[in-house]
Amino acid sequence: MSDNHLDFIDDVIRFLENEREIYGDFTVAGFSPGDKNDTSVSDSQEKIKTESPSADTKNYNPENLLKQCSTLEELRSLCETADVLRTDLDGTNLVFGVGNQNADLMLIGEAPGEQEDRQGEPFVGAAGQLLNKILEAVKFRREDVYIANILKHRPPGNRNPNPEERQRSLPYLLRQIELIQPKLILCLGKISGITLLNRDTTLRSLRGKYYPFHGAELTVTYHPAALLRHPKWKRPVWEDVQKLREKYDELGGKP
Ligand code: URA
């Protein structure tokens with residue numbers, strides 16, 4: 001890893017730390033109990049549903065409806081009305097996914113935070129800014145890749161998506177992957193990796209490897225928000241994304 005790149009990521013982290021001092025604290029995925037995203041929301045304003053959405057959607061099987069979606073637009077429309085995708089936080093917006101529909105690289109995070117919910121787009125908060133810089137460092141532009149999350153709605157208090165929510169959302173994400181047909185998938189964070197690979201293990205044991213996944217090769221690295229709290233992970237992330245770039249070129253990803 002070049003010192004320039006380390007310095008560059010240091011600058012980004014410092015910038016975000018300054019922002020935090022100015023605009024208030026934001027929490028970081030995976031490092032604060034029950035809190036996964038990078039927002040500074042005042043949770044007291046959140047309206048939590050008293051009934052879990054799972055109560056009326058337990059036996060819901062979207063397979064046929066999903067098969068009928070032959071474009072991302074159709075899938076988005078289906079998601080707009082799919083209550084199964086909701087968490088127990090009331091009034092959230094759909095955060096479907098963003099980017100190039102023909103992308104050879106797809107990035108999958110965990111769940112939208114406050115900024116993402118507001119703007120209806122994944123990774124637009126502090127973690128998103130860092131993610132953009134990390135992508136640029138290995139010559140990917142945000143608009144050339146496709147970015148989505150395991151959950152398409154924000155969980156209350158930015159808590160971790162629970163296993164039941166992840167399972168309810170998974171068929172929709174799998175259809176999205178089938179429609180995009182990426183050559184490579186990068187999971188951002190443990191929740192994303194363990195959900196797609198369907199195994200319960202540590203991020204450390206998942207990263208650094210490539211797994212065949214629905215016609216693509218899938219790999220896992222630390223969530224960018226994790227780097228804001230744990231700068232020691234920037235080196236493994238840098239190694240992971242450099243390998244990702246090599247793999248992308250090797251697989252004939254679009255320049
Ligand atoms: N963290 C995520 O995992 N996804 C987002 O969209 C934003 C923050």
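Atoms within a ligand are numbered from 1 in the order they appear, just like the ligands themselves. Numbering starts at 1 and runs along the sequence shown.
When Arg235, Arg245, Arg207 are each tested for a side-chain hydrogen bond (donor to acceptor under 3.5 Å, both in side chains) with Asp240, only one passes: Arg207.
Counting heavy atoms from C-beta on, the side chains of Leu186 and Leu184 never come closer than 4.5 Å. Considering only heavy atoms from C-beta on, Ser77 stays 4.5 Å or farther from Thr81 through its side chain. A 4.5 Å side-chain heavy-atom check between Leu170 and Gln167 finds at least one atom pair inside the cut-off.
By the criterion of a heavy-atom distance under 4.0 Å, both the backbone and the side chain of Glu110 are placed next to ligand 1. With a 4.0 Å heavy-atom cut-off, ligand 1 is reached by no atom of Ala225. At a heavy-atom cutoff of 4.0 Å, ligand 1 is contacted by no atom of Ala127, backbone or side chain.
No hydrogens or angles considered: a donor-acceptor pair under 3.5 Å links the side chains of Arg166 and Thr195.
Residue-to-ligand polar distances keep Pro112 apart from ligand 1: every N/O pair is separated by 3.5 Å or more.
Using a 30° and 60° split on the angle between ring planes, Phe123 and His223 fall in the tilted class, from 30° to 60°.
If you check each of Pro122, Gly109, Ala111 against atom 5 (C) of ligand 1, the one with the closest non-hydrogen atom is Ala111. The closest heavy-atom contact to atom 6 (O) of ligand 1, among the options Val95, Asn149, Val98, Ile108, comes from Asn149.
For the ligand labelled ligand 1, residue His223 lies inside the 4.0 Å heavy-atom shell.
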